[in-house]
Amino acid sequence: MHSQTTQSYKESYARSLTDPESFWAEQAAYIPWYSAPEQILSADEEGLTRWYAGGKLNTCYAAVDHHIEQGRGTQTALIYDSPVTDTIRRFTYNELRDEVARLAGVLQTLGVGKGDTVVIYMPMIPEAAFALLACARIGAIHSVVFGGFAPHELAIRIDDAKPKVILSASCGIEFEKVIAYKPLLDEALRQSAHQPVRCLICQRPMLRAELHPRRDLDWQEAVAAANPVACVPLDATDPLYILYTSGTTGKPKGIVRDNGGHAVALAYSLRAIYDVKPGEVFWAASDIGWVVGHSYIVYGPLIQGCTTVLFEGKPVRTPDAGTFWRVIEQHGVSVLFTAPTAFRAIRKEDPEALLRNKYDISSLRYLFLAGERCDPPTLHWLQEVVPVPVIDHWWQTESGWPMVANQMGIEPVPIKAGSATWPVCGFNLQILGENGQPLGANEEGYVCLQLPLPPGSLPTLWKDTPRFRQSYLSRFPGYYLTGDGGYVDEDGYVYIMGRVDDVINVAGHRLSTGEMEEMVGSHPAVAECAVVGIADELRGQRPIGLVVLKDGVEADEPHLEAELVSIIREQIGAVAYFRNALVVKRLPKTRSGKILRKTIRQIADGEPCVVPSTIDDPAILDEIRAKLMAHNIGHAFRFQAI
Ligand code: COA
Ligand code: AMP
């Protein structure tokens with residue numbers, strides 16, 4: 001019955017597509033249901049795909065209480081490793097249950113119940129994981145906002161999610177900087193129309209926050225006074241969380257995740273992709289603000305009965321480039337998952353990996369990479385310094401779990417540099433051309449998934465099914481548009497070549513250049529602008545802006561650039577890493593007026609490019625190239641127009 005341990009990849013994959021109901025019915029058996037699903041795959045009244053309708057479960061129960069009932073109560077569930085505060089704390093499943101149940105009790109006293117929303121804006125401390133699980137326990141829908149986002153981004157999400165309560169902390173720590181979160185939250189609440197009933201603030205000793213007398217509560221005091229509450233049975237199709245992600249405009253997309261499909265898909269992925277067993281240590285070095293943190297710091301490893309590591313630090317300078325190796329040794333990590341950027345940072349500081357030799361990393365069985373393209377030099381370096389399979393795998397917030405991977409729990413296959421390997425069971429991946437025609441081997445096109453999407457993938461966008469259909473389903477009827485371009489080679493290996501829309505990936509952080517254009521364009525001196533993501537050695541990509549001034553405006557260019565840089569920093573956050581805005585006379589456009597952003601990027605990256613025949617004035621490309629070279633940006637000196 002447990003297909004992935006007995007069948008090869010090809011058989012499992014074929015069956016997941018030809019008979020998805022029986023495939024996913026089998027996988028559902030790994031989850032503790034209060035009552036079994038009535039239907040495996042169905043459509044709801046809006047015609048949206050639903051998995052496991054009629055089933056009742058609670059994701060917090062599956063992740064915590066169930067393991068205690070199975071005798072794992074004294075096993076470590078969570079290790080908080082914080083080199084920035086010099087702290088290591090371990091929580092057994094029993095202790096985790098007690099923390100979560102009492103926090104859920106606090107939320108209940110504040111009037112939060114099933115279907116209410118809760119925004120979580122927190123640094124990487126154990127209370128953040130408790131917060132997600134406490135919401136899940138009582139059926140409240142959480143929406144975590146990445147701590148690196150500025151008040152404006154937080155305010156947009158508060159206005160969309162309309163939380164009854166916000167959970168936050170007094171501060172976060174970035175290298176040696178203490179970042180006061182509370183003033184950022186206060187500012188966001190000044191900007192948002194919606195106001196929560198209460199904010200629960202976790203006070204950290206390095207910086208205590210001043211509490212608003214009527215609105216804010218001290219987390220520790222509230223939890224100490226609370227009674228623990230039990231898990232509430234929920235429908236499989238009830239939402240577990242909303243996670244906002246960047247789309248092509250300033251309005252982020254509220255990705256919805258359900259309870260049933262999500263739990264089944266994550267449990268499947270831990271077995272079939274990550275090949276990790278209950279009791280083993282799983283470490284996703286990411287942030288709870290991203291989907292990786294949701295799926296593989298909190299829910300996935302706990303549902304699988306593993307020990308998860310919650311790491312408050314960086315790959316370098318906390319205190320050095322040996323931190324990752326130290327954590328692997330100290331906690332006996334079996335599987336590590338991080339973004340290639342993290343290892344680019346480590347390689348930069350310790351190119352010979354000398355610090356690695358100081359640690360015993362023999363517990364490690366696999367290293368998984370995702371979040372951005374894994375460039376072959378980083379892969380090759382890792383293959384030299386880490387004596388385990390280095391697995392690039394591809395997914396996105398919308399899918400919630402990997403769509404393309406080397407499924408180590410089914411059948412490891414040879415790795416090809418630059419490819420994330422084969423489509424994961426359940427994902428019917430197709431490469432389509434401009435007109436929706438399926439493309440052949442090695443032909444680059446739109447990476448799409450034939451519907452239905454498997455369990456765990458987004459059923460819709462929060463309170464916006466029309467936008468869901470329009471953004472993902474309308475371009476090619478019958479298919480989900482991932483937003484990535486790529487190709488499949490003659491052996492079925494998938495190569496993801498980058499986004500085909502205005503989304504970029506900066507140090508593994510997904511950001512919208514369209515949103516940045518809206519912000520840069522709001523400056524009174526700017527007539528129009530283009531923001532593009534150019535190659536960055538450390539971060540993979542970084543955004544730069546080209547701006548055209550309004551007629552008659554004489555701007556001091558360095559001063560204007562500084563103003564535009566600070567707009568992005570203040571409105572999105574320092575993580576956007578927007579450092580350059582150059583004034584040009586015109587933007588390159590087609591004769592129909594479309595800005596040639598791809599051509600700008602190619603100039604900056606020094607890639608040879610065919611000058612589009614529809615360009616209205618090719619001379620403008622030379623001006624842009626000269627400007628970029630004068631500012632020493634990118635590799636424009638290499639550019640060749642064909
Ligand atoms: N909260 C507040 N600020 C943050 C932040 C957070 N969570 N994360 C980053 N920032 C700030 C940084 O302090 C920096 O601010 P500064 O301009 O005032 O110095 C700015 O955002 C840019 O940060 P970053 O691009 O991350 O550069 P860095 O030099 O601070 O760190 C790396 C570089 C590679 C070490 C870091 O980007 C990293 O660890 N990347 C891995 C990312 C990752 O795991 N992503 C998850 C996807 S799976
Ligand atoms: P996010 O939703 O933040 O997880 O970002 C998802 C996007 O990151 C994808 O659509 C890709 O563009 C990119 N991405 C994630 N993983 C990979 C990978 N392994 N290879 C290439 N691109 C990736």
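Since the structure is predicted, the reported quantities are computational estimates derived from the model, not experimental observations. In listed order, ligands and their atoms are each counted from 1. No hydrogens, no waters, no symmetry mates; every other heavy atom, side chains included, goes into these values.
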Between ligand 1 and [X], can you find any atom pair, the residue atom being a heavy atom, that is separated by under 4.0 Å?
{"X": "R344", "result": "no"}
{"X": "G172", "result": "no"}
{"X": "G508", "result": "yes"}

Just go through [options] and tell me whose heavy atom is the nearest to [atom].
{"atom": "atom 23 (C) of ligand 2", "options": "F368, Y495, W394", "answer": "W394"}
{"atom": "atom 18 (O) of ligand 1", "options": "K348, K314, R569", "answer": "R569"}
{"atom": "atom 21 (C) of ligand 2", "options": "R373, M497, H393, M403", "answer": "R373"}

List the closest protein heavy-atom neighbour of [atom]: residue, atom name, distance to the nearest 0.1 Å.
{"atom": "atom 18 (C) of ligand 2", "answer": "E372 O, 3.2 Å"}
{"atom": "atom 12 (O) of ligand 2", "answer": "D484 OD1, 2.6 Å"}
{"atom": "atom 1 (N) of ligand 1", "answer": "G148 CA, 3.3 Å"}
{"atom": "atom 11 (C) of ligand 1", "answer": "A574 CB, 3.8 Å"}
{"atom": "atom 16 (N) of ligand 2", "answer": "G371 N, 3.1 Å"}
{"atom": "atom 1 (P) of ligand 2", "answer": "T397 OG1, 3.4 Å"}
{"atom": "atom 41 (C) of ligand 1", "answer": "A507 O, 4.1 Å"}
{"atom": "atom 25 (O) of ligand 1", "answer": "R539 NE, 2.7 Å"}
{"atom": "atom 39 (O) of ligand 1", "answer": "P315 CD, 3.1 Å"}
{"atom": "atom 5 (O) of ligand 2", "answer": "R510 CD, 3.5 Å"}
{"atom": "atom 34 (C) of ligand 1", "answer": "T341 CG2, 3.4 Å"}
{"atom": "atom 30 (O) of ligand 1", "answer": "F175 CE1, 3.3 Å"}
{"atom": "atom 7 (C) of ligand 2", "answer": "N505 ND2, 3.8 Å"}
{"atom": "atom 26 (O) of ligand 1", "answer": "H509 CE1, 4.3 Å"}

Looking at [X] versus [Y], is the centre-to-centre ring distance below 6.0 Å?
{"X": "Y577", "Y": "H509", "result": "no"}
{"X": "H294", "Y": "Y299", "result": "no"}
{"X": "F146", "Y": "W290", "result": "yes"}
{"X": "F324", "Y": "W283", "result": "yes"}
{"X": "H393", "Y": "Y274", "result": "yes"}

Problem set entry | H509 contact mode with ligand 2 (heavy-atom cut-off under 4.0 Å) |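 It is neither; nothing of H509 touches ligand 2.
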
Problem set entry | Location of contacts on R499 toward ligand 2, heavy atoms closer than 4.0 Å |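 The side chain, only.
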
Quick one: does ligand 1 sit under 4.0 Å from the side chain of [X], the backbone, both or neither, non-hydrogen atoms only?
{"X": "I179", "result": "side chain"}
{"X": "V575", "result": "both"}
{"X": "A285", "result": "backbone"}

Distance check, rounded to the nearest 0.5 Å: [X] atom [atom1] versus [Y] atom [atom2]?
{"X": "L451", "Y": "N428", "atom1": "CG", "atom2": "CG", "answer": "9.5 Å"}
{"X": "F368", "Y": "L336", "atom1": "CZ", "atom2": "CG", "answer": "10.5 Å"}
{"X": "I504", "Y": "Q541", "atom1": "CD1", "atom2": "CD", "answer": "5.5 Å"}
{"X": "L382", "Y": "L367", "atom1": "CG", "atom2": "CG", "answer": "5.5 Å"}
{"X": "L449", "Y": "E398", "atom1": "CG", "atom2": "CD", "answer": "10.5 Å"}
{"X": "Y479", "Y": "L473", "atom1": "OH", "atom2": "CG", "answer": "13.0 Å"}

Is [X] close to ligand 2, meaning an N/O of one under 3.5 Å from an N/O of the other?
{"X": "I496", "answer": "no"}
{"X": "W290", "answer": "no"}
{"X": "D392", "answer": "yes"}

For this session: Would you check, one step at a time, whether the test salt bridge (charged side-chain N to carboxylate O under 4.0 Å, His left out) holds for R204 with E312?
Result: CA-CA 14 Å; R204 302 188 76 185; E312 187 184 31; 2.9 Å; yes

Exercise. For ligand 1, which atoms sit closer than 4.0 Å to a heavy atom of A345?
Worked result: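 Within the 4.0 Å cut-off of A345, ligand 1 contributes 34 (C).
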
Exercise. Which of the atoms in ligand 1, numbered in the order shown and given with their element, are less than 4.0 Å from a heavy-atom of V292?
Worked result: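 That gives atoms 48 (S) of ligand 1.
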
Does the protein put a heavy atom less than 4.0 Å from [atom]?
{"atom": "atom 23 (O) of ligand 1", "result": "no"}
{"atom": "atom 36 (C) of ligand 1", "result": "no"}
{"atom": "atom 6 (C) of ligand 1", "result": "yes"}

So is there a nitrogen or oxygen of [X] less than 3.5 Å from a nitrogen or oxygen in ligand 1?
{"X": "R579", "value": "yes"}
{"X": "S286", "value": "no"}
{"X": "E174", "value": "yes"}
{"X": "K177", "value": "yes"}

Exercise. Cationic tip of R317 within the cone over F175's six-membered ring, i.e. under 6.0 Å and within 45° of the normal?
Worked result: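 Yes, R317 lies over the aromatic ring of F175.
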
Problem set entry | Face-on cation placement of R569 at F578 ring, 6.0 Å and 45° thresholds |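 No; the conditions do not both hold, so R569 does not lie above the ring face of F578.
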
Side chains of [X] and [Y] in contact at under 4.5 Å (non-hydrogen atoms):
{"X": "E153", "Y": "V145", "value": "no"}
{"X": "M403", "Y": "Q396", "value": "yes"}
{"X": "L461", "Y": "I255", "value": "yes"}

Exercise. Distance-only, no hydrogens or angles: does the S334 side chain make a donor-acceptor pair with backbone N or O of L364 under 3.5 Å?
Worked result: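 Not a single qualifying donor-acceptor pair exists.
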
For this session: Return yes if some donor-acceptor pair links the side-chain N/O of T245 with the main-chain N/O of K253 below 3.5 Å, else return no.
Result: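 No, T245 side chain to K253 backbone: no donor-acceptor pair under 3.5 Å.
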
For this session: Take Y13 and W422 through the ring-ring contact (aromatic ring centres under 6.0 Å, His included) test and state the conclusion after the steps.
Result: CA-CA 10 Å; Y13 183 66; W422 289 340; 9.0 Å; no

Exercise. With V316, which of I346, D350, T323 fulfils side chain to side chain contact (heavy atoms under 4.5 Å, CB included)?
Worked result: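 Of the listed options, the one satisfying the test is I346.
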
Exercise. Going by heavy atoms, is G483 under 4.0 Å from ligand 2?
Worked result: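 Per 4.0 Å heavy-atom rule, G483 does not contact ligand 2.
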
Exercise. Counting each atom of ligand 2 from 1 as listed, which ones have a heavy atom of W395 under 4.0 Å away?
Worked result: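 In order of numbering, the contacting atoms are 6 (C), 9 (C), 15 (C), 16 (N).
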
